[in-house]
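Below, chain A is the first sequence line, B the second, and so on; all start at residue 1.
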Number of protein chains: 2
Amino acid sequence: MAASSHRAAPEHTHPDEVPVPAALAALADPVRLTLVRELAGSADWSRSCGSFDVPVGKAALSHHFAVLRGAGLVEQRDEGPKRVNRLRRAEFDARFPGLLDLVLRGD
Amino acid sequence: MAASSHRAAPEHTHPDEVPVPAALAALADPVRLTLVRELAGSADWSRSCGSFDVPVGKAALSHHFAVLRGAGLVEQRDEGPKRVNRLRRAEFDARFPGLLDLVLRGD
DNA sequence: CCGAGTGTTCGATGAGAAGCATACACTCAT
DNA sequence: ATGAGTGTATGCTTCTCATCGAACACTCGG
């Protein structure tokens, strides 16, 4: 059998459908900014949601990932009991050229 | 005499001192986005604060300009009874390369 | 000196976002 | 089957931010 998950697949939004203010708002939060940066420094699908060092409870963390998905920044896939992540670098870059580079280059 | 204004000069923040989240947050608001875009299409110092077509009262408008100043996006100067504006294109671009182009290119 | 025009400040209001704690759902190893 | 690990959903509190109305300050032309 193919790997069967009875869990609801997370809803994803393609960067092309993301309005400018939504993308900016998603990246304007310090916690989400940390997530994106940490994700950029890791291999695709190598990080589960709980593996990030951010000072919020897991409920808030789950919410932040939902926002990142909605902004077309992150793709998620269920892998066993964990939900692993990937930064949608190329796609997001095509829609918002330079934006990701800018926030990753940091301060 | 040199033009003397007894009015308090507006406080400006140079783009270099603006943190990434602040810049993004400033541009994430639709009203401010309109202001910046409209300002980009006008000559420097040609637009007074009240000359923008945004659906908010003047109190809110004044607040938005304060935010834009604080984000290093806009420079203001008093000219008679009016306060005229300039988009700090070059300076902001040096600090956040591509960001202004991105929000101006629109959707 | 007065009044029109322009912009800021203050106080209050309402909406939205972020946070937590709890309860729930799913997967996997034992 | 049971329990540990992981993430989501719900309900609630709190805080921030955008907005408005009204009052105030300044400039300039009559």
Arg47(A) to Phe52(A) six-membered ring, cation-pi geometry met (6.0 Å, 45°): yes

Between dT27(D) and Arg7(B), is there an OP1 or OP2 to side-chain N/O distance shorter than 4.0 Å? no

Side chain Ser51(A), main chain Ser48(A), donor-acceptor under 3.5 Å: yes

Nucleic acid contacts of residues 65-77 of chain A, taken as heavy-atom distances under 4.0 Å to DNA chain C: none

Take Arg69(A) and His12(A), measure what side chain to side chain donor-acceptor pair (under 3.5 Å) needs, and give me the verdict at the end. CA-CA 6 Å; Arg69(A) 279 200 315 267; His12(A) 287 99; 4.9 Å; no

Within 6.0 Å of CZ in Arg37(B), more than 12 heavy atoms from elsewhere: yes

Rounded to whole Å, how long is the line connecting atom CG of Asn85(B) with atom P of dT6(C)? 14 Å

note: Glu79(A), atom CD; dT6(D), atom P; distance rounded to Å ~ 14 Å

So, does His6(B) get its side chain near the phosphate of dC26(D), meaning an N or O under 4.0 Å from OP1 or OP2? no

Note, Gln76(B) side chain near Cys49(B) side chain (heavy atom, < 4.5 Å): yes

Got a sec? Which of residues 19-53 of chain A come in under 4.0 Å of DNA chain C, heavy atoms? Asp29(A), Val31(A), Arg32(A)

Quickly work out the Leu61(B) CG to dT8(C) P distance and round it to whole Å. 8 Å

If we only count heavy atoms from C-beta on, is the Pro21(A) to Asp29(B) side-chain gap below 4.5 Å? no

Could you check whether any side-chain N or O of Arg86(B) sits under 3.5 Å from a backbone N or O of Trp45(B), counting only pairs where one atom can act as donor and the other as acceptor? no

For Lys82(A), report the nucleic acid contact type (base, sugar-phosphate, nothing); a contact means any heavy atom under 4.0 Å. sugar-phosphate

Look at the side-chain N and O atoms of His64(B) and state whether any lies under 4.0 Å from the OP1 or OP2 oxygen of dT19(D). yes

Nearest listed nucleotide, side chain of Lys58(B), among dT6(D), dA23(D), dT27(D): dA23(D)

Between CG on residue Leu73(A) and CZ on residue Phe96(A), distance to nearest 0.5 Å: 8.5 Å

Judged by nearest nucleotide, the residue sitting upstream toward the 5' end of DNA chain C, Gly80(A) or Gly57(A), is Gly57(A)

Of dT19(D), dC28(C), dG19(C), the nucleotide closest to the side chain of Val56(A) is dG19(C)

Report the distance from atom NE2 of His63(A) to atom P of dC20(C), rounded to the nearest whole Å. 12 Å

Please list, chain by chain and in numerical order, all residues satisfying side-chain hydrogen bond (donor to acceptor under 3.5 Å, both in side chains) with Thr34(B), sequence neighbours excluded. none

